[in-house]
Each structure stands twice: as structure tokens, then as C-alpha cells.
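All remarks here apply to the structure that follows.
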Amino acid sequence: MKKDFFAQLVHGAIDKAIENNKLGELKENDFTPICEIPKNTNFGDYAINVSSLARNAKMAPPLIAQNIAGYIEQKGFSINIVAGFINFKLEKEMLNSIVEEILEKKELFAASDIGKGEKVNLEYVSANPTGPFHIGHGRWAALGSALSNVMKYCGYDVYQEFYINDAGNQINKLARSLELRVRELKGEKVEWEEDLYPGEYLIDCAKRYIASGEKESYGDFAKADMLRLQKELLEKFRTHFDCFFSELSLYKNNEVENCIEELKKKGKLYEKDGAVWFKSSDYTDTQDRVLKKSDGTNTYLTADIAYHKNKLERGFTRLINIWGADHHGYIARMKAAIDALGYDSSCLEVLLGQLVNIIQNGEQMRMGKRKKMVTLDELVEEVGVDATRFWMLMRSSDTTIDFDIDLAKSQSDKNPVFYVQYAHARACSILRKAVEKRLDIENKTELEPLFDKKELEEILINPDVKGLFENCHDDNSREAARALILKLEESKAMVEAAARLRAPYLLCKYSSELATAFHHFYNFSRVLTDDKETSKKRLALVECFRIILSKILDLLGVEAPQKM
RNA sequence: GCGCCUGUAGCUCAGUCGGAUAGAGCGUUGGUCUCCGAAGCCAAAGGUCACGGGUUCGACUCCCGUCGGGCGCACCA
């Protein structure tokens, strides 16, 4: 990565400058150079600001920059000092080497090992098996699966988990709801009580129940049926879990009781008003929490604590949970429980995703406050998996998304995902055309392809990119090629940032910028020309773009189409 | 009342680490196909970074306060 390269270069140069007494009163090099890409590219391709050394060195920033630069050998790049900034501009050999490196490493060019094999448990979606997913679940599914892809690509050992809330009261309600639907289907007139699930999806479920011979209990059947539908949709939505973890199994294996026992032994529980309380306020929680209700049943929290204990016992050193913003009050008590069990709660990381507002007919619908909600299934049906995933991912997770259904449906071609996919299809088209017969406009005759397939393979395996810039006939063309190469070089830094900050949206933004750089290049430089040598070099660059963009889209779980 | 998130162009949002002239998309206006995909590209217009203090060489960024918006404060899950 060039950023690291220049940062190390500057760090080494500072050592030498100190040795030679060129940095005034600065005697120790504890400076970490941070290499950034200047907003104004006239300064250079990369920049390091050394102004902050001024205080200890007691020297003016420009002089500091000058003296440090004196110890940098300018090989493959040039240096331009402005104020306290050392700017680096790559020369063509170094730019060419980036192209060669991408073609050599292919989709591993942007891969990283910052994860160092850390065992990460990523839990997300974790819906009740009581009905179809709503749009919010789609956001967590997209976020979790993309984050998993990105983190795996950066060397984390990620295990994706879905916690099935199949043990609470809601299952009884589900069972009762199914029972009523079944009786309705049989012609009986039934009275619906409050707080049941009146959604029409249970009518289909009831039909399946009757067809199955009604052997299972209502609850077991409905639960399994809902879970099956959820799993089908998740697969379609390119979200793959390594494990669906049942809450009920924690009770069956006595893990919930054992967990309560353990907390009791550690003196973290007490009884009050007939209930068993956990002293979570001993930690960072604002108040104590009930684990066992006065009727003898456990709260949701109790099983969830046992679940987190289970995860830790399985050897995960980092637990990442994706929760809706409405669960934020839950974090403190969960962390308290982890600490109380003798683990370090800093291993638990909760990504609080803000909610998705649904806008229909120009009106904001409140999630869940409306009888007929838009389900994820319906949304995907309308706008497709690619567009849904990209829309869900393109915003930072702590921003509320306004998902305008009408806009997504009617103007889907204005969707940013198409812009990016279009660039990919265009690159593929050029690579296709390179080996297809061409039409000579003037003579209206068919010309032989520029290259045969073997030739093209050879170009892409063993590229000769020398002269890529010499054959550009104007500044625009040269600058566009430079900008594209530099943008491609940035891919690894972007991927790492997305993994480190748990922020896949950075890659949506990056994919869009990359597409812009390519479109720009395309408009200023003709790839397929009669000059075969020039065509070869430019085809190599097109292939680089195709490789990187398709990898980025792959990480996001969005398809990179060859044709549109 | 308390906690979390949030306030940047007409709209939807970026702005990673405190640095150089504040960045995109959509929308608006104009230009651009005889030729590799015009779902593209180029150009223009558009800003008191909610407001008030503080920290410092320097603040959209960090700290404190005020105001607005969202979400939550169960022996529900």
C-alpha cells in the first residue's frame, strides 16, 4: 500500500534528520506519519503533514518538511513541499507497477491481514420466528453479511450466527394465532383476542398445517414454518449463516439454569418482590434487572446472558452484535453480565443500526404501527436484491434511512447501484469487443478482431504497460489514466477501513468513485484502436478495473454483471 | 426527566486522523454520440457546516451548553 510506503519513508527520514541535528530541539522520533490523499490533487498524489513536529522542534513547519525531505531518496516519485506538507507525486514507472501488481495478485490485491485470524462471532438479524421479515431486518442482513465478507477478506475468522428467539411468550401467541386461522379455514367463526398475530401470512401457514395432517403442535409447526420462510429469504438475499442458534436449546441443555447458578455463586443475584434480580448496577448499568420473574419464568435477558456465555465458551474473542437502535438500552446490562461472569466485556461490540423509515405515497409510515407493513420479501420482489442491498448499505449505520418505496420502484434506474454496475458491464464489453470482429464504417466491411483470445490472455497475464502514458495524446487522457490507477491503488486502504470501522458503506462510496474514475478514463482514452500496442496497455488497465470493482461488489453482496 | 443517535447545498447524504480552496449523487441550466455501452462524459449555479462558548498555530471534526429531529427508558421479546 502506497500510504504505508510513504509513511515509513518519512519516519525513516526523520530518524536520519534527528541524527544529523536537522530538526532543531527534536531529539526523539515518536511521530507517526499519517499519509493521506490530498483533496486538491494539484499538490500531489499522497501527502504527509509534519506541522505537528513544530512544537518540539521549535522550527517552522516548512523548514521541517524541507529538512526531512532531504533524507528521502526520490525514486519513482517526486516531492513537492507546501507549508508543512510533504507531497508525493508518483512517476509513470511506479504507476505502471501498480497495474502490474493488480494483474498479478488479481482479486487479492485489496486483501489484508489486519484481522490476524481473530475469532469473531457476528450475530445479526436474530428475528422472532413469528412472521415475515420487515424492511429493518433487511438492513441488518445486508450489513451483517457485507461486514462478514469484508472482515473475512481482511483476515478475521468470522462465524455468522442467527439467534432464534423461539422460547418466549410470543411463541404461545403464534400458536394461538395459527390455531384460530386453522379453525377459520374449517368454517368456524372465531373471536380474535388482543395481541395475536393477525397477519395474513398465517392463512397460508394454516393451509400447510392442515395439509401436513395436523400431527405437530400448533407452536412447533408455525415456528418451523416461519423459520423455513425466513431462511429461504436470507439465502435469496445472499446472507448465509454458519449457525442458527435456538434459544430453546439453551433451556433444554440446562444452560440457562447453570448460568443463573453461576451468577448466584458469584453473589450477583438477590431476591425482591418474589423475583430474582441481577445486580447489573454494580457495573455500568443504571439499574438492576430481573432475571427470574415472580411467576417463575425467565426474562429474555436471562437466556441471552446464557447465550453470550455459550459464545465465549466456544472460544470467540470478539463478539459483534448488530442490534436495532431501539435496543440500545440493552447494551449496558449485557456488558454487565459478561463482566459478572468473569469475562472482559470489552470483547462485546454492539453495532447499533438506526432504523429504516418507510415512505410511501409521500408519507412516512411508522414501523410496526401499521397493520399492513411492507415486508422485506415484497421490497426485494419490487426492486431486486442488488438495489435493496446497495441502498441498505450505502448509508452509515448510525443514520436513519428513508426508504422511499415509490422512488425505489418507479425510478430504479436512477439508483446508484446501476451506475456502478454499468461501469462494470462497460469494461466487460470492451474486453469482449477486443476479440470480436469489428465493422469498418468507411468501407462497410468486416475487419478481423484486434486480438485473438490467446493474445488477450497473454496481455492480461504478462502485461507490458510501459508507455501507457507516452501514448496518451492529451493531458485529459493522461490525467484520467493516472487518476484511475491511483483510485485502484486505494482499494486496499478502503477495504481495511471498512473492516476496522465496521463500515461497509465506505465500500459503496468507493465503488461509486471507482466507477466515476473509469467512466472518466473511458471518455478521454479510446481503448480499442488501430494502434495495437496502445490498445494492449489500455486493455490491461481496463482489466485491473474489472478485477477490483467486481471484488468490491462481491464483498457488498451485489452482482457485477457482464451485460445489462 | 435520563440515555443513545442525529443536525453540512433545494433534496438524500459523505467528510477516516484536528490540517491546504467544503465534497458527491439527485434535481436545475447549458454542452456532448459517424467510432470501444450516452444508464455515460464536460461545464455552470447552489454553503453563516443548527446556534453560543471553550481547547490551539489551526475546529465540520475534540469539550461544555442551548435549540430542533429520531429511538428507547418492562417482572415484553
Side-chain angles (χ1 to χ4, degrees), chain A residues 32 34 36 38-40 42-43 47 49 51-52 54-55 61 82-85 87 126-128 130 165 167-171 195 247 272-277 286-287 289-295 297-301 303-304 324-332 352-355 357 394-402 404 407 411 413-416 418-419 421-423 425-434 436 438-442 450 476 493-494 496-498 500-501 503 505-506 508-509 512-513 515-516 518-520 522-529 535 538-539 542 563-564:
Chain A
T32 312
I34 292 165
E36 56 191 351
K39 284 172 201 152
N40 183 341
N42 289 331
F43 289 120
N49 185 355
S51 304
S52 56
R55 186 177 301 169
V82 182
F85 289 87
N87 293 288
S126 298
N128 294 336
T130 53
N165 298 145
N169 254 329
Q170 78 280 8
I171 298 300
D195 275 351
E247 180 184 1
K272 192 181 89 181
D273 305 331
V276 177
W277 294 71
T286 49
Q287 52 177 288
R289 307 290 169 180
V290 170
L291 292 191
K292 204 180 264 294
K293 296 180 253 177
S294 50
D295 67 2
T297 61
N298 294 307
T299 61
Y300 173 78
L301 174 66
D304 212 10
D326 51 340
H327 284 69
H328 76 258
Y330 205 77
I331 299 173
L352 275 185
Q354 295 298 312
L355 302 177
N357 289 321
M394 64 193 258
R395 299 275 131 82
S396 155
S397 63
D398 45 31
T399 307
T400 311
I401 293 183
D402 285 330
D404 189 322
L407 195 76
Q411 300 189 10
D413 54 326
K414 296 237 162 71
N415 198 308
F418 287 110
Y419 177 82
Q421 290 183 317
Y422 179 74
R426 187 182 241 181
C428 290
S429 171
I430 295 172
L431 291 162
R432 266 198 310 273
K433 286 266 159 66
E436 278 175 5
R438 301 166 296 151
L439 202 64
D440 186 323
I441 306 296
E442 280 173 32
L450 265 181
N476 282 337
M494 291 307 303
E496 282 186 359
R500 214 179 48 241
L501 301 168
Y505 79 89
L506 291 171
C508 288
K509 194 169 150 257
S512 174
E513 289 168 2
T516 298
F518 177 72
H519 285 313
H520 201 81
Y522 171 89
N523 272 277
F524 285 115
S525 312
R526 204 182 155 76
V527 176
L528 302 174
T529 69
S535 302
R538 292 183 181 166
L539 275 169
V542 171
K563 285 181 184 173
M564 287 173 77

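Convention: sequence-line order gives letters A, B, ...; per-chain numbering from 1.
Atom P of nucleotide B/C76 and atom NE2 of A/His327 are separated by 15 Å, given to the nearest angstrom. Note: CG (A/Leu291) to P (B/C76) measures 12 Å, nearest angstrom. Rounding to whole angstrom units, OH of residue A/Tyr522 and C1' of B/A38 are separated by 9 Å. To the nearest angstrom, C1' of B/G18 lies 10 Å from CG of A/Asn49. For the pair A/Leu355 CG and B/G69 P, the interatomic distance rounds to 18 Å; values are reported in whole Å. Separating the CG atom of A/Asp326 from the P atom of B/C76 is a distance of 18 Å, rounded to the nearest angstrom. The distance between atom OH of A/Tyr422 and atom C1' of B/A38, rounded to the nearest whole Å, is 6 Å. One atom, CD of A/Gln287, and another, P of B/G1, lie 19 Å apart when rounded to the nearest Å.
When the P atom is compared between B/C49 and B/C60, the two are found 8 Å apart, to the nearest whole Å. Taking atom C1' in both B/G25 and B/C41, the straight-line distance is 15 Å, to the nearest Å. The C1' atoms of B/A9 and B/A44 are separated by 15 Å, rounded to the nearest whole Å. Taking atom P on both nucleotides, B/G68 is separated from B/U29 by 38 Å, rounded to a whole Å. The separation of B/G47 from B/G10, taken at their C1' atoms, amounts to 12 Å, rounded to a whole angstrom. B/C2 and B/C64 have their P atoms separated by 15 Å, given to the nearest Å. For the C1' atom pair drawn from B/G15 and B/U6, the interatomic distance equals 16 Å after rounding to whole Å. For the P atoms, the distance linking B/A50 with B/G7 amounts to 8 Å, nearest Å.
Side-chain contact check for A/Glu36 versus A/Phe85: some heavy-atom pair is nearer than 4.5 Å. Contact of the A/Gln287 side chain with the A/Arg289 side chain is registered, since non-hydrogen atoms from C-beta on lie closer than 4.5 Å. Using a 4.5 Å cut-off on side-chain heavy atoms (C-beta onward), A/Tyr522 and A/Val542 make no contact. Between A/Leu528 and A/Leu539 the shortest side-chain heavy-atom distance falls below 4.5 Å. Put simply, the side chain of A/Ile331 reaches to within 4.5 Å of the side chain of A/Leu352, judged on heavy atoms. Here the side chains of A/Met494 and A/Lys509 are not in contact, with every heavy-atom distance at 4.5 Å or above.
Atoms CG and CD1, on A/Asn128 and A/Ile171 in that order, are 7.0 Å from each other to the nearest 0.5 Å. To the nearest 0.5 angstrom, A/Asp402 atom CG is 5.0 Å from A/Asn357 atom CG.
Using a 4.0 Å heavy-atom criterion, one finds that A/Ser397 contacts no nucleic acid atom at all. Nucleic acid contact class of A/Asp273 (heavy atoms, under 4.0 Å, all strands): base. Looking at heavy-atom distances under 4.0 Å, A/Tyr330 makes contact with a base. When heavy atoms are screened at a 4.0 angstrom cut-off, A/Ser429 is found touching base atoms of the nucleic acid. Counting non-hydrogen atoms under 4.0 angstrom, A/Ala275 reaches a base of the nucleic acid. Residue A/Lys292 is out of contact with every strand shown, counting any heavy-atom pair closer than 4.0 Å. Counting any heavy atom pair closer than 4.0 Å across all strands shown, A/Ala434 reaches no nucleic acid atom.
When the nearest nucleotides of RNA chain B are assigned to A/Asn40 and A/Thr297 by heavy-atom distance, the more 5′-ward of the two goes with A/Asn40. Remark on RNA chain B: of its neighbouring residues A/Asp295 and A/Thr286, the 5'-side contact belongs to A/Thr286, judged by nearest-heavy-atom nucleotide.
Of all non-hydrogen atoms in A/Gln170 and A/Thr130, the two that sit nearest each other are CG-CG2, 3.7 Å. Residues A/Val527 and A/Arg538 come closest through the heavy atom pair CG1-CB, 3.9 Å. For A/Ala275 against A/Val290, the heavy-atom pair with the smallest separation is CB-CG1, 4.2 Å. A/Lys272 and A/Trp277 get closest at one heavy-atom pair: O-NE1, 3.2 Å.
Between A/Phe43 and B/A20, a base-stacking contact is recorded: ring centres under 5.5 Å apart, planes less than 30° from parallel. Under the stacking definition used here (centres under 5.5 Å, planes under 30°), the residue A/Phe85 qualifies as stacked on the base of B/A20.
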Pair A/Tyr505-A/Thr399, side-chain contact (heavy atoms from CB on, under 4.5 Å): steps then yes or no: CA-CA 11 Å; A/Tyr505 79 89; A/Thr399 307; over 6 Å; no
Start with the C-alpha distance between A/Leu291 and A/Asn298, add both sets of side-chain angles, then the distance that settles side-chain contact (heavy atoms from CB on, under 4.5 Å), and finish with yes or no. CA-CA 6 Å; A/Leu291 292 191; A/Asn298 294 307; 5.5 Å; no
Verify side-chain contact (heavy atoms from CB on, under 4.5 Å) between A/Lys563 and A/Arg432, making sure each step is shown before the conclusion. CA-CA 11 Å; A/Lys563 285 181 184 173; A/Arg432 266 198 310 273; 3.5 Å; yes
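Residue A/His519 places its side chain closer to B/G40 than to any other of B/G40, B/C36, B/C75. Nearest nucleotide to the A/Lys293 side chain, out of B/C41, B/C35, B/C76: B/C76. Here the side chain of A/His520 is nearest to one of B/G37, B/A77, B/C41, namely B/C41. The A/Asn165 side chain lies nearest to B/A77 when the options are B/G37, B/C36, B/A77. Considering only side-chain atoms of A/Ile34, the nucleotide from B/G37, B/G40, B/C17 that sits closest is B/C17. Of the candidate nucleotides B/C41, B/G19, B/U16, B/U16 has the atom lying nearest to any side-chain atom of A/Ala497.
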Dot-bracket pairing map - RNA chain B, Watson-Crick plus G-U, both contacts under 3.5 Å, | cross-strand: (((((((..((((.....[...)))).(((((.......))))).....(((((..]....))))))))))))....
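No hydrogens or angles were tested; on distance alone, a donor-acceptor pair under 3.5 Å links the side chain of A/Ser294 to the base of B/C75. Judged by atom type and distance alone, A/Asn42 does not reach the base of B/A20 through any side-chain donor-acceptor pair under 3.5 Å.
In terms of phosphate contacts, A/Arg426 brings a side-chain nitrogen or oxygen within less than 4.0 Å of OP1 or OP2 of B/A38. An OP1 or OP2 oxygen of B/A24 is reached within less than 4.0 angstrom by no side-chain nitrogen or oxygen of A/Lys39. At the phosphate of B/A14, neither OP1 nor OP2 sits under 4.0 Å from any side-chain N or O atom of A/Lys509.
An anti orientation is assigned to B/C17, its glycosidic angle lying beyond 90° of 0.
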I'd like a table of atom pairs between the protein and nucleotides 44-50 of chain B - only N or O on both sides, under 3.5 Å - with the distance next to each one.
none

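The main-chain N or O of A/Thr516 is never found under 3.5 Å from a side-chain atom of A/His519 such that the two would form a donor-acceptor pair.
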What is the per-nucleotide protein-contact pattern of nucleotides 3-13 of chain B, from the 5' end, where B denotes a base atom under 4.0 Å from a protein heavy atom, S denotes such proximity for sugar-phosphate atoms only, and - denotes neither? BSSS-----SS
